[in-house]
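Accompanying notes for the structure given below.
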Amino acid sequence: MTGEADFGRDCYRMQDELQEASRKTPGQRARMSEVERLRHSCAHVMATAIARLWPDAQFAAGPPVENGFYYDVDLAHRISPADFEKIEAEMRAVTKANQPFERIVVTRAEALEYARRGRLAALSDRPAPSRFKLDILEGIPDGEPISFFRNGEFIDLCAGPHVMRTGNVGAFKLTHVASAYYKNDEKNPQLQRIYGTAFKNKTEMEAWFTMLEEAKKRDHRKIGAEMGLFAFDPDYTGPGLPLWLPKGGAMIEELEKLARETEFAAGYVRVRTPHIAREKMYLTSGHLPYYAESMFPPMELIEHEDQGARALHDPDDKFDRVLKSLQYEQHSPKEVEELVGKILGASAEAKHADADRYYLKAMNCPHHHRIFAAEPRSYRDLPLRLAEHGCCYRYEQSGELFGLMRVRSLNMNDAHIYCTTEQFAAEFNAVNEMYLKYFKIFGLEKYQMRFSTSAPEGMGKKYVDEPALWKQTEDMVRDVLKNSGINFVEAANEAAFYGPKIDVQVWSAIGREFSIATNQVDFAVPKRFGLVYRDRDNTEKTPLCIHRAPLGTHERFIGFLIEHYAGNFPLWLAPEQVRVLTIGDDAALVDYARGIVNELRANMVRVETDFGADKINGKVQRAEQSRVHTMLVIGPRDMAANAVSVRVHGKGNQGARPRTQAVADILAAIKGRTN
RNA sequence: GCCGAAGUAGCUCAGCGGUAGAGCAACGGUUUCGUAAACCGUGGGUCGCGGGUUCAAUCCCCGCCUUCGGCUCCA
């Protein structure tokens with residue numbers, strides 16, 4: 001319950017709404033684009049090929065997805081990339097035959113009959129039934145038409161739509177194989193998911209692969225290593241725990257400076273909180289034990305014991321179950337304390353109840369709530385906007401770690417705004433405006449706010465049981481979004497436990513989507529912490545809390561910026577803003593150059609030098625390759641004229657200009673964050 | 001966590017059952033050069049870690065770790 005935003009989540013998100021064929025409505029099917037249709041047909045072509053090679057293959061679902069298609073198959077033979085060529089050759093035979101895709105409407109009884117004979121997603125009858133198809137059939141509601149699609153001997157249960165003939169699939173390629181659980185449920189058998197992509201023709205496919213290559217060159221892991229921004233050291237530091245090298249550190253400082261200035265102007269105050277907190281903090285917030293799996297296990301301070309830290313993961317644990325129940329109920333801090341004391345007392349021996357347990361914080365809000373609680377608050381104090389670049393730790397599953405995009409230590413551009421209901425709209429609107437301001441600075445033209453709301457059926461289960469508050473806050477948020485003309489979509493039944501939220505999706509310069517930040521309304525947790533302010537009428541009231549983090553986390557945001565700019569950062573953000581290159585290493589020349597370096601450094605410009613004996617061509621090339629923003633080339637002619645020659649990364653030689661002007665230009669560009 | 005793939009010098013990569021190689025980078029020297037690579041030389045690797053097979057393993061087998069591609073999770 002936090003608010004803070006699941007920054008670590010779903011970067012590079014694929015749009016997989018299309019994933020499960022059975023989930024699609026007829027309306028969605030009708031809207032399927034030409035290329036989606038073609039890819040879906042290609043999935044059938046691939047299944048045909050696989051059925052020819054391995055007749056006992058059992059197919060599940062084979063939908064088009066963004067950029068391609070897949071088909072899930074259960075097969076004793078493990079398909080590896082080495083098999084792709086063989087499968088593709090068979091697929092080519094199918095497309096060459098140019099079989100028509102024939103739609104056959106059947107009754108449920110007929111469909112079941114085919115499935116029992118193993119005839120679905122197959123070339124002929126088989127000894128074993130088409131068991132996944134049988135299961136899918138059962139999921140099709142009465143009244144919905146049931147159809148097969150047939151190409152050649154291959155018949156598949158399928159609602160379509162398809163292209164006219166197999167020959168319409170002009171170009172395709174199998175890309176990778178992964179595993180997936182049937183219907184995405186880990187209780188179901190694991191299937192082999194074979195991915196491919198398909199296009200109308202070869203030219204389009206080649207363009208796609210060229211674009212992939214380009215995207216690969218922008219990969220933040222690659223550029224980050226090239227530019228010396230960050231490093232991972234799994235053996236010593238640990239997986240998912242980035243080390244920020246000086247150049248990456250410089251970028252972090254710039255982002256924090258931007259946030260400090262922006263937030264200061266918007267009336268925020270900055271606070272500092274520790275990285276750890278006692279167990280009681282997270283019992284009160286409700287994070288434990290529900291969120292425990294995403295937290296590092298606690299450290300226990302125990303006397304006479306040398307047992308290791310324990311995590312609260314055991315489902316049979318009575319202690320855990322009682323705690324879990326606490327989460328869904330409203331208790332005053334005092335009640336929580338009493339209950340916890342009771343529980344801990346009852347299981348003292350087994351649970352090291354006497355131990356002092358400390359957790360690394362996975363979010364900042366509980367600490368900020370305690371800051372709110374640290375002093376008596378009056379309505380005159382509100383809104384109170386507490387900001388902190390807090391460092392949090394989340395135990396992301398090992399398979400989830402991905403470069404800077406999904407890490408275990410994260411620095412959040414966090415703030416919590418405590419306000420009254422009356423102040424809410426204005427505060428929320430101001431937060432949105434801050435987002436837009438940042439988007440402008442970073443040149444983000446495409447963005448979308450995804451407004452997640454509750455659903456009545458989830459009240460008291462998935463969501464805090466406060467229907468009136470839900471409605472009130474959701475209406476407020478919706479009004480603000482509508483009135484401000486912000487681009488948003490509403491997603492029902494996706495809210496956080498304690499309030500509606502807004503996920504901010506942005507698209508980088510090359511069109512890749514990133515979920516960069518989350519904005520959340522919280523009307524539940526302040527209550528759990530007993531936060532109150534004294535209102536005008538001398539009664540105590542609980543404030544609303546807005547969690548917001550427009551710049552997300554440094555990790556995710558810098559990863560995004562690397563891709564967005566392909567490492568060619570604007571001057572203000574560039575890790576190495578200026579490099580001064582001398583033509584030759586004549587002592588007087590170097591002295592002159594050093595004077596300029598010192599002047600820039602005195603103005604907080606990040607300058608490096610290349611005063612060696614190398615040829616100027618070599619120096620320029622190295623500087624260009626390191627993506628230094630501005631190169632100041634200094635030769636005897638420049639020294640004589642008290643000038644410098646300016647060269648800008650990617651833009652070439654800008655010519656000589658007076659030294660004072662060059663310095664002033666650089667300082668102005670940095671200050672204005674203009675380029 | 002699950003399925004699959006990969007791991008050789010700081011980086012990009014070659015190699016192979018018989019004592020490990022290139023380019024770039026680094027370091028030393030020479031070059032004094034006006035905007036994308038001057039020249040010569042030197043150092044550098046327990047071939048991810050552990051075990052097994054073998055006269056001999058970077059190479060074959062097993063286990064582990066990490067990374068990558070997916071899946072799952074996401075209050």
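What you see is a predicted model, and the numbers here were worked out from it, not measured in a lab. Naming: A, B, ... by sequence-line order, numbering from 1 per chain.
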With B for base contact, S for sugar-phosphate-only contact and - for none (protein heavy atoms under 4.0 Å), nucleotides 2-9 of chain B reads BBS-----
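B:C60 sits 46 Å from B:A36 when the P atoms are compared, rounded to a whole Å. B:G51 and B:G15 are spaced 26 Å apart, taking the C1' atom of each and rounding to whole Å. A gap of 49 Å separates the P atoms of B:C55 and B:U72, to the nearest Å. The P atoms of B:C61 and B:G17 are separated by 13 Å, rounded to the nearest whole Å. Comparing the C1' positions of B:A57 and B:G4 gives an interatomic distance of 26 Å, to the nearest angstrom. The P atoms of B:G43 and B:A38 are separated by 25 Å, rounded to the nearest whole Å. As rounded to the nearest Å, B:C47 and B:C13 have C1' atoms that lie 13 Å from one another. The gap from the C1' atom of B:C40 to that of B:U46 amounts to 32 Å, rounded to the nearest Å.
The six-membered or imidazole ring of A:H416 lies near that of A:H547, with a centre-to-centre distance under 6.0 Å.
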Nucleotide N/O to protein N/O under 3.5 Å, stretch nucleotides 42-50 of chain B:
none

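Within the shown strands, B:G48 is the pairing partner of B:C64 under the Watson-Crick or G-U definition, both distances less than 3.5 Å. Under the Watson-Crick or G-U wobble criterion, with both distances below 3.5 Å, B:G69 is paired with B:C3. Within the shown strands, nothing qualifies as a pairing partner of B:U58 under the Watson-Crick or G-U definition with both distances less than 3.5 Å. Searching all strands for a Watson-Crick or G-U wobble partner of B:G21 with both distances below 3.5 Å returns B:C13. Pair assignment for B:U35: none, as no Watson-Crick or G-U wobble contacts are both less than 3.5 Å. Nucleotide B:G28 has B:C40 as its partner under the Watson-Crick or G-U criteria, with both atom distances under 3.5 Å.
Residue order along RNA chain B, read from the 5' end via each residue's closest nucleotide, puts A:G240 first among A:E494 and A:G240. Toward the 5′ end of RNA chain B lies the nearest nucleotide of A:A613, the other residue of the pair A:A613 and A:R637 mapping further downstream.
B:G70 atom P lies 16 Å from atom CG of A:L174, rounded to whole Å. A straight line from CE of A:M639 to C1' of B:U32 spans 13 Å, rounded to a whole angstrom. Atom P of nucleotide B:C74 and atom CG of A:D503 are separated by 14 Å, given to the nearest angstrom. Rounded to whole Å, atom C1' of B:C11 lies 9 Å from atom NZ of A:K222. Atom CE in A:M631 sits about 10 Å away from atom P in B:A36, given to the nearest Å. With rounding to whole Å, A:R408 atom CZ is found 13 Å from B:C73 atom C1'. Rounding to whole angstrom units, CZ of residue A:F402 and P of B:U72 are separated by 17 Å. Whole-Å rounding puts the A:Q397 CD to B:G70 P distance at 17 Å.
In this structure, A:R39 is not positioned above the aromatic face of A:F69 in the sense of NZ or CZ being under 6.0 Å from the six-membered ring centre and within 45° of the axis.
The backbone N or O of A:S454 sits less than 3.5 Å from a side-chain atom of A:E474, completing a donor-acceptor pair. The backbone N or O of A:T582 lies less than 3.5 Å from a partner atom in the side chain of A:K619, making a donor-acceptor pair. A donor-acceptor pair is defined here as one N or O able to donate and one able to accept, closer than 3.5 Å; no such pair exists between the side chain of A:Y71 and the backbone of A:Q192. At distances below 3.5 Å, at least one donor-acceptor pair connects side-chain atoms of A:R408 with backbone N or O atoms of A:E396. Between the side chain of A:R548 and the main chain of A:N413, a donor-acceptor pair closer than 3.5 Å is present.
Salt-bridge check for A:D638 with A:R659: failed, with every basic side-chain N at 4.0 Å or more from each acidic carboxylate O.
Not a single donor-acceptor pair, N or O on each side, falls under 3.5 Å between the base of B:G34 and the side chain of A:N653.
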Hey, mind stepping through A:R193 and A:D72 against salt bridge (Lys or Arg N to Asp or Glu O under 4.0 Å) and telling me if it holds?
CA-CA 4 Å; A:R193 177 166 293 180; A:D72 284 343; 2.7 Å; yes
For A:D610 and A:R579, run side chain to side chain contact (heavy atoms under 4.5 Å, CB included): C-alpha distance rounded to whole Å, both residues' side-chain angles, the deciding distance at 0.1 Å, then the answer.
CA-CA 7 Å; A:D610 195 348; A:R579 188 179 295 181; 4.2 Å; yes
Quick one, A:K527 with A:E466, criterion salt bridge (Lys or Arg N to Asp or Glu O under 4.0 Å). Give me CA distance, side-chain angles, the key distance, then yes/no.
CA-CA 12 Å; A:K527 200 169 184 175; A:E466 298 270 9; 3.2 Å; yes
Let me see the working for A:R528 and A:S285 under side chain to side chain contact (heavy atoms under 4.5 Å, CB included), right down to the final yes or no.
CA-CA 7 Å; A:R528 298 175 67 103; A:S285 72; 5.8 Å; no
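Around OH of A:Y395, the count of heavy atoms belonging to other residues, nucleotides or ligands within 6.0 Å does not exceed 12.
Note on A:S645: a base of the nucleic acid sits closer than 4.0 angstrom, heavy atoms only. Within 4.0 Å (heavy atoms only), A:G403 reaches sugar-phosphate atoms of the nucleic acid but no base atom.
For A:D585, whose side chain is taken as the heavy atoms from C-beta onward, the closest listed nucleotide among B:U32, B:G34, B:U35 is B:U32. Between B:A36, B:C73, B:U67, one nucleotide has an atom nearer to the side chain of A:L401 than all others, and that is B:U67.
The aromatic rings of A:F569 and A:Y565 sit perpendicular to each other, their planes meeting at more than 60°, with 30° as the lower class boundary.
Sorted by residue number, the members of residues 615-627 of chain A with any non-hydrogen atom under 4.0 Å from RNA chain B read A:K615, A:I616, A:N617, A:G618, A:V620, A:Q621, A:E624.
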